[in-house]
A.B. asks: 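Before I ask anything, here is the structure I am working with.
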Protein chains: 2
Amino acid sequence: MMHDEVVSRLRHVLTEGEIPPGARIPERELCASFAISRTPLREALKVLAAEGLVVLLPNRGSRAAKLTQKDVSELFEVCEALEATAGELACPRITDEQLREIADLQANMVEHYRAQDLLSYYRCNRLIHEAIVRAADNAVLAGFYESIAARIRRARFITPMSPEHWALAIREHEGILNALQRRDAGGLAHILRNHLRRKREEVVRAGFAEGE
Amino acid sequence: MMHDEVVSRLRHVLTEGEIPPGARIPERELCASFAISRTPLREALKVLAAEGLVVLLPNRGSRAAKLTQKDVSELFEVCEALEATAGELACPRITDEQLREIADLQANMVEHYRAQDLLSYYRCNRLIHEAIVRAADNAVLAGFYESIAARIRRARFITPMSPEHWALAIREHEGILNALQRRDAGGLAHILRNHLRRKREEVVRAGFAEGE
DNA sequence: AGAGCTATTTTTGAATGCAAAATAGGTCCA
DNA sequence: TGGACCTATTTTGCATTCAAAAATAGCTCT
């Protein structure tokens, strides 16, 4: 198995659930489940520790990182900056193909909203944000975004939304698509910033934090 | 030796010179010079590869990463966003102590400018930018900034400056300090963005790129 | 019975060993 | 002479092993 594959499989295990934040990372079991020895697994652990997904306790193993309130704030602050920048850069660079893709996702997302299907809604939502970042055509930005997104995914996509917030989010997304279509970089950055700021406030207000 | 220490020593070797971009990383020699075995060194290599400082060629070893023109553009684009964000966040958060520190660094920097001592100038310059990021009090932002700064350092602080650019940079830095003192977040973000954009144009124009 | 101490097991971090891949070197033939 | 092919050496990636640290269990003594 390729090194990067171990990293992404481990990242998946940590972000999409099977090991909750704060839990001990069972080196032994993971080695068995990935059918590799401890050496490559430990290499992946160090990489994810550098990313902030794992905390290494010297001589006492590694645990899935927990997000504190401060972590959530910091991650959202940076995420805001990155998404706004992505929007600005995407406006002059986005292709018609990519624009169509986002419009389709948006239509889909509205369908899911009508059906009150939160999970599918979030999936579309996430794909739209990722598509905008991709359209910015900046690999460094995309890498940072991916890293941040992995860490706040839980907080971002698990915090429940009030009906009003949901309706507002939908309107904001219409504004996002509109600004992209008009290639209004400044406007898009502004909307994205507000969109994320609102989400942060919502998450912080919900008191989302995984402990100390 | 601690794991993090190996990573930062290796990062130092890669950024402050002894292994030029594109060069093969001599695993053996580094093991000897750090007095460790290959296992911890390879862990550090993977971490730095994830950061973009090292490229791993499967079955063919690792090399110090080279910056292409595209890399330089991307790094500056993100650096711009991060520094502007740092400035915005720093305005309401910076302490008087930190403000004094930056004012001192600024005075120092102007001295070095007067003496036309480029190296000392760059050192102060770097310390000022780092101090602003620190004042933003956001560890995630600081981590990303450090990672970008490490990759771009050569391009940023080695590209020669024309007398006009240097004079302009000094004026811009006066504006930066002024905006900080007035706690003018929007103004500071604006100045920082322009400051970095100018630097990027300068570096790109100088054709700084380390190859493919 | 329970607190505290020691012995044993388990776990961690790093060195070593090993098989596979890549590289270098040399030989043979056109 | 030049180039294709084959072998020897080095290098790489990973599994294994080993020593030290931590956790656990089993004592002793009050």
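In what follows, chains carry the letters A, B, and so on, assigned in the order in which the sequence lines appear, proteins first and then strands, with residues in each chain numbered from 1. Because the structure is predicted, anything quoted here is derived from the model rather than measured.
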A.B. asks: C:dG13, C:dA14, D:dA15: which one has an atom nearest the side-chain heavy atoms of A:I36?
C.D. replies: D:dA15

A.B. asks: Check the distance between C:dT9's C1' and A:R28's CZ and give it to me in whole angstrom.
C.D. replies: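 After rounding, the reported distance stands at 12 Å.
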
A.B. asks: Find the distance B:R42:CZ to C:dA14:P and express it as a whole number of Å.
C.D. replies: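 For the pair B:R42 CZ and C:dA14 P, the rounded distance is 15 Å.
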
A.B. asks: Could you tell me the separation between the CD atom of B:Q98 and the CG atom of B:L180, rounded to the nearest 0.5 Å?
C.D. replies: 10.0 Å

A.B. asks: Using atom CD of A:E27 as one end and atom C1' of C:dT10 as the other, report the distance to the nearest whole Å.
C.D. replies: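 Whole-Å distance recorded here is 12 Å.
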
A.B. asks: Just how far, in rounded Å, is P of D:dT12 from NZ of B:K46?
C.D. replies: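 Answer to the nearest Å: 12 Å.
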
A.B. asks: Who passes ring-ring contact (aromatic ring centres under 6.0 Å, His included) against A:H195, sequence neighbours left out?
C.D. replies: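 Result, ring-ring contact (aromatic ring centres under 6.0 Å, His included) vs A:H195: A:H129, A:H173.
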
A.B. asks: Could you tell me whether the side chain of B:S37 has a donor or acceptor atom within less than 3.5 Å of a complementary atom in the base of C:dA14?
C.D. replies: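 Between C:dA14 and B:S37, which were checked side chain against base, a qualifying N/O pair under 3.5 Å is absent.
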
A.B. asks: Between C:dA14 atom C1' and B:L45 atom CG, what is the distance in whole Å?
C.D. replies: 16 Å

A.B. asks: May I ask you to say whether B:R123 pairs ionically with B:D117, meaning some side-chain N is under 4.0 Å from a carboxylate O?
C.D. replies: no

A.B. asks: To the nearest angstrom, how far is A:L56 atom CG from C:dT12 atom P?
C.D. replies: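 My rounded result for the distance is 11 Å.
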
A.B. asks: Does a side-chain N-to-carboxylate-O contact under 4.0 Å join B:E202 and B:R205?
C.D. replies: no

A.B. asks: Would you mind reading off the distance between B:I25 atom CD1 and D:dT12 atom C1', rounded to a whole angstrom?
C.D. replies: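 Distance check: B:I25 CD1 to D:dT12 C1' gives 14 Å.
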
A.B. asks: Give every pair of a protein N or O atom and an N or O atom of nucleotides 18-22 of chain C that lie under 3.5 Å apart, one pair per line with the distance.
C.D. replies:
none

A.B. asks: Taking only side-chain N and O atoms of B:R24, does any of them lie within less than 4.0 angstrom of OP1 or OP2 on C:dT23?
C.D. replies: no

A.B. asks: By the 4.0 Å heavy-atom rule, please label B:M2 as base, sugar-phosphate, or nothing.
C.D. replies: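 Touches nothing.
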
A.B. asks: Between B:H3 (NE2) and C:dT12 (P), how many Å, whole number?
C.D. replies: 16 Å

A.B. asks: Nearest 0.5 Å, what's the CG-CZ distance between B:D71 and B:R151?
C.D. replies: 6.0 Å

A.B. asks: Where do A:G22 and A:R63 come nearest, in terms of heavy atoms and distance?
C.D. replies: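 That closest heavy-atom pairing would be O-NE, 2.9 Å.
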
A.B. asks: What pairs of residues pass the side-chain hydrogen bond (donor to acceptor under 3.5 Å, both in side chains) test when at least one of them lies in residues 2-12 of chain B, not counting sequence neighbours?
C.D. replies: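 Qualifying pairs: B:R11-B:E51.
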
